[in-house]
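Report on one structure; see the data block that follows.
In the text below, chain A, chain B and the rest are named by the order of the sequence lines, each starting its count at 1.
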Amino acid sequence: MEKYDPKNIEQHWYQTWEAAGYFAPSGQGPAFSIAIPPPNVTGTLHMGHAFQHSLVDAIIRRKRMQGANTLWQMGTDHAGISTQMIVAEQLALENTTPMELGRDGFIDRAFRWKDESGGQINQQLRRMGASLHWDTERFTLDEGLSQAVIEVFTRLYEEGLIYRGKRLVNWDPKLQTSISDLEVISEEEKGFLWHLKYPLVDQPDVYLEVATTRPETMLGDAAVAVHPDDSRYQHLIGATVTLPLTDRVIPIIADHYVDPEFGTGCVKITPAHDFNDYEVGQRHDLPLHEMMNPDGTICDSAPSAYQGLDRFEARKRLVEDLEAAGCLAKVEDHTLMVPRGEKSGVIVEPLLSDQWFVRVGPLAEPAIEAVESGAISFIPQQAENIYFAWMRDLKDWCISRQQWWGHRIPAWYDETGAIYVGRNEAEIRAQNGLSETTVLRQDDDVLDTWFSSALWTFSTLGWPDETESLRTFHSTSLMVTGHDIISFWVSRMIMMTLKFMNEVPFEKVYIHGLVTDAEGQKMSKSKGNGLDPMDIIDGISAEALVKKRTDKLLQARQKDRIERSTRKEYPEGIEAHGTDALRFTFCAIATSARSMRFDLKRVDGYRNFCNKLWNAANFVAVNTEVLVNVSDREESTADQWIRRQFQETSNKVNLAFDDHRFDLAAKHIYEFIWDEFCDWYLELCKPILSSSDCTDAQKSGTQHCLLETLESILRLAHPLIPFITEALWQKLPKNFRNGPSIMIAAYPGSIESDSVSDPASADIEWVKAFVGAVRNIRGEQDIAPSKRITILLQAGDAEDHRRQKQHALLLDALAKPEAMNWIEANVEPPPSAIQIVGTLKILVPLAGLIDKSAELERLNKELTKLEKEIQRVNGKLSNPSFIANAPQEVVEKERAKIAGYQKQKTDFEAQKHRVAAI
RNA sequence: GGGUGUUUAGCUCAGUUGGGAGAGCGACGGCCUUACAAGCCGUAGGUCGCAGGUUCGACCCCUGCAACACCCA
């Protein structure tokens, strides 16, 4: 057989599966469905995707093998803002702008870009082995989904759950659109705290000092607020101050929002440009003084000196002028949270504007109920807290965006400004009796991308039509996503789906952690610490990796730093590991923790694991090439043992899957294949297959057990490592596998096994302990594994005698004795190294082999260990309340333990004296 | 400031009703033993963040504190 090379198998098998139609629902069995969190249509696969889809694919493949009617619904998202931005950047390179192209031209252009680049993420998903149902792939802007969006908007409007109004929203001055909270990234930055003096109207020589991180917003101030209980300012509440550099007079108000400990305890209130101040303004009925245009320049209501200035330039000028006017008390260094647009990178402004909103209150109530009642459960359950915290304090959702790429809002205005909402213009004219001569103009804005995402589980299945798919696969079974979008996506899906489907979008939500780099840092382009899953699969040279990480960076300083750290971390680039190793790694690190450090060394380890499996299969193939043909087969003790071990592993893996503990599933599979199947079972098979003392019935039994166990292992591991398992499964003799592909073979189940009577396992455990004892002596004494040694056995019980005799073949192969002889208990053995298994003494006579001092050292080590244990157990047993209160069986166990330890201690001490006497 | 989570071997992490602390990687020593050197065999290494409490008994339950991470203000 050729060497393990993932490249040779992975591509081939995916194509075969897809061509065979295995990804489609079988149409039989209970329905099981998962909707993919739609990736951006123009995007590429990042580590988060790769991680998430590895888990989902494992779930999906297992369910499919278990006979469920399984659908993993594929689809992509139009990603309004980021796509619009990318296309605008492309246009800029061609020295043109979206405005020049016009709305229709721009949308055409965006669709072209989508068609050109849209295939990449799909190809990458295929490389990951994701068994998505491609045939019914959807896109948020396609015809059907757009219909669903319009339907939902119209119905919500008709019920008064969508309204238009002027509110404070997050405004991106560069992209010139409102953006969602999700797209605002607040990070700590160094800045200043300016202390400004506002003189009292009645006593111009007395000042109130306010501290602000944004002095330019003073132009929009409507009040100064103090805490109602702050004794320093009690007498001033209700008085007025003059706003410096302007002729505005503003009141001093009292509000609990103010933190009296912070700064001077006086806060300037700018209701039109700050979310908190807006609420304070609402409470006190303050006017909204707007001082900024949508492009970030100072607007015309400001004093003429500042009109038209950019906001940062205005800040500089204002601070200078305030200082000149004697109104600047001091400037302090201050770190503050600066909100920036995720896509544009510029500082976001809270700005008043006309927007569309969803009134979420009436939708939230049933959505909270659905989780409280258990109709939807979060895994891990703790994640519910994030959901409840968000839902209890829900603000109306701004759904309009001043963009072109997206679902255009189905609202029209006539010349008087009256609003008509409907499914299309014709419907509106008919419903409202508008004549042909009435001019209607459609709203220019599009909907927030999340609006269409909120309908995802049912819009992708054909809603509003009552399709067969919708009936079969909705509610979906499970949603897998990160905790960062519970608020923005999960909650909205729950609200919208309950509203329009009258059922939950999914029964369970599995919330996974964030994949970070080895230092625990979030992977990001600007940090240059990101990894491309494809590079881990295919490998990449150091040069190419550096280029990739630094290519699109603007700052040279960053570039040098990233290049240095990249070359240090990956001096040789990244080796090819294959998809299976990467997928297994993702499963293995998927604990319930909030973040997971991704370490390439883990992938190395699991690549080695795949290689191990490959070679084990090779061993099985070589040793079963010619099957011994007999009518009755005889199973060896090892065969019985490994079947049992497999069954227990299968039980544990199924349990882990049911608990969504992918790390445990991976661990049990890994340990069984490597530690039990490879390290012991294959070794135990060798003597049986090669010995002339073994009968054909025995050889045949072992050959069958080898093939059957391997076949079972492959099925058990398939959901995690689909490619290598299929490749190896296909190489098995046809009568040892069932069906054309492992993908649709039956998944190993859970079987209650009798845990009491298991003589085979007890025997093999004894063999392992025996061999381990001899290996320990060899290791400590530096005796080569290949060197045959004399082994003497002393004491022991009847079982020891039986087992030694019955399993002599195995012991001979693994312990490699020259001779193995029993000596009477009262006979003084020759100077030897000793190990004790239970009551059996295993002795390796010196005969020039043994290093005396090494052996004394080893014995002392054993004795220290024993003494520590004896002391610990004695402490327990000499405690009367332990005897009185602990369960009888625990006390008995401790007593049995100490008896064994004492005996061994005596034996080791005697041995120590013998060796010392040499 | 509020909330959530984390703290176990040098590193990354398991530890499922409280009853003898585990794995992988790394380290050290020895092996080309006919599936695999991407391997095999052996060894070392931990006051389970700190301080209390409950209990016969605490990595595990309770309280407080500290550090770190993320979310929200």
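Residue Arg661(A) places its side chain closer to rA14(B) than to any other of rA14(B), rA35(B), rG19(B). Checking rC70(B), rA35(B), rG15(B) against the side-chain heavy atoms of His483(A) singles out rC70(B) as nearest. Comparing atom distances between the Cys678(A) side chain and each of rA35(B), rG42(B), rC36(B) picks out rA35(B) as nearest. With distances taken from any side-chain atom of Asn885(A) to the nucleotides rC56(B), rG39(B), rU43(B), the minimum falls on rC56(B). Comparing rG19(B), rA23(B), rA38(B) by their nearest atom to the side chain of Arg607(A) picks out rA38(B). Of the listed nucleotides (rG29(B), rA35(B), rC56(B)), rA35(B) has the atom at the smallest distance from the side chain of Asn615(A). In the set rG42(B), rG19(B), rC13(B), rG19(B) carries the atom at the smallest distance from any side-chain atom of Lys876(A).
At the heavy-atom level, Ala886(A) lies under 4.0 Å from base atoms of the strands shown. Among the protein residues, Lys612(A) comes within range of the nucleic acid bases, having at least one heavy atom under 4.0 Å from a base atom. Looking at heavy-atom distances under 4.0 Å, Asp604(A) makes no contact with the nucleic acid at all. Residue contacts shown for Pro880(A) are absent, as no nucleic acid heavy atom lies under 4.0 Å away. Note on Asn611(A): a base of the nucleic acid sits closer than 4.0 angstrom, heavy atoms only. Glu279(A) comes within contact range of no nucleotide atom at all, as no heavy-atom separation falls under 4.0 Å. As judged by a 4.0 angstrom heavy-atom cut-off over every strand, Ala784(A) is placed among residues making no nucleic acid contact.
Rounded to an integer number of Å, the gap from Ile386(A) CD1 to rC72(B) C1' is 11 Å. Per the geometry, CZ belonging to Arg858(A) stands 12 Å off C1' belonging to rU43(B), to the nearest Å. The distance between atom CG of Leu514(A) and atom C1' of rU6(B), rounded to the nearest whole Å, is 14 Å. If you measure from atom CZ of Arg778(A) to atom C1' of rG42(B), you get 12 Å, rounded to the nearest angstrom. Taking atom CG of Asp679(A) as the reference point, atom P of rA23(B) lies 13 Å away to the nearest angstrom. Protein atom CD of Glu780(A) is 13 Å distant from nucleotide atom P of rG30(B), rounded to whole Å. Spacing between atom CD of Glu2(A) and atom C1' of rC36(B) amounts to 14 Å, rounded to whole angstrom units. Taking atom CH2 on Trp674(A) and atom P on rG24(B), their separation rounds to 9 Å, with Å as the unit.
The phosphate of rG3(B) has neither OP1 nor OP2 within less than 4.0 Å of any side-chain N or O from Arg392(A). Close to rG57(B), at under 4.0 Å from its OP1 or OP2, lies no side-chain N or O of Asn879(A). For rC25(B), neither phosphate oxygen OP1 nor OP2 lies less than 4.0 angstrom from any side-chain nitrogen or oxygen of Arg602(A). Residue Lys816(A) places none of its side-chain N or O atoms closer than 4.0 Å to OP1 or OP2 of rC41(B). Between rG15(B) and Lys667(A), no contact under 4.0 Å exists linking OP1 or OP2 to a side-chain N or O. Note on Asn608(A): a side-chain N or O is less than 4.0 Å away from OP1 or OP2 of rG39(B).
With a cut-off of 3.5 Å on both pairing distances, the Watson-Crick or G-U wobble partner of rC68(B) is rG5(B). In this entry rA44(B) has no Watson-Crick or G-U wobble partner, no candidate having both defining distances under 3.5 Å. Across all strands shown, rG57(B) forms no Watson-Crick or G-U wobble pair with both key distances under 3.5 Å. Here rU63(B) sits opposite rA51(B) as a Watson-Crick or G-U wobble pair (both hydrogen-bonding atom distances under 3.5 Å). Pairing for rG22(B) is with rC13(B), a Watson-Crick or G-U wobble pair whose two hydrogen-bonding atom distances lie under 3.5 Å.
With the nearest nucleotide of RNA chain B identified for both Glu894(A) and Pro785(A), Glu894(A) has the one nearer the 5' end. Where Leu682(A) and Lys861(A) meet RNA chain B, the nucleotide closest to each residue was compared, and Leu682(A) sits on the side nearer the 5' end.
Smallest separation of non-hydrogen atoms from Ala576(A) and Asp538(A): CB-O, 3.3 Å. Of all heavy-atom pairs spanning Ala656(A) and Ala665(A), the tightest one is CB-N, 3.5 Å.
Across the C1' atoms, rC13(B) and rG26(B) are found 14 Å apart, a figure rounded to whole Å. Using P as the reference atom, rA73(B) and rC68(B) are 23 Å apart when rounded to the nearest Å. Comparing the P positions of rU43(B) and rG24(B) gives a spacing of 13 Å, expressed to the nearest Å. Comparing rU12(B) with rU7(B), their C1' atoms sit 14 Å apart, to the nearest whole Å. For rA66(B) and rC59(B), the P atoms lie 24 Å apart once the distance is rounded to whole Å. Straight-line distance between the P atoms of rG5(B) and rA23(B): roughly 29 Å, to the nearest whole Å. Nucleotides rU4(B) and rG10(B) are separated by 32 Å at their P atoms, to the nearest Å. Taking atom C1' on both rU47(B) and rC40(B), the two are 36 Å apart, rounded to the nearest angstrom.
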The test is salt bridge (charged side-chain N to carboxylate O under 4.0 Å, His left out); show your working for Arg788(A) and Asp812(A) and say whether it passes. CA-CA 10 Å; Arg788(A) 292 264 167 188; Asp812(A) 183 67; 3.1 Å; yes
Let me see the working for Ile379(A) and Ile511(A) under side-chain contact (heavy atoms from CB on, under 4.5 Å), right down to the final yes or no. CA-CA 6 Å; Ile379(A) 303 152; Ile511(A) 301 295; over 6 Å; no
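Aromatic pair Phe662(A)/Phe586(A): centroids not less than 6.0 angstrom apart.
The 12-atom threshold is exceeded at NZ of Lys731(A), counting heavy atoms of other residues, nucleotides or ligands nearer than 6.0 Å. By the 6.0 Å contact criterion, CD on Glu857(A) is open, its count of non-hydrogen atoms from other residues, nucleotides or ligands being 12 or less.
Side-chain contact between Val490(A) and Phe378(A): present, with at least one pair of heavy atoms (C-beta onward) separated by less than 4.5 Å.
The distance from atom CD of Glu279(A) to atom OH of Tyr257(A), rounded to the nearest 0.5 Å, is 9.5 Å.
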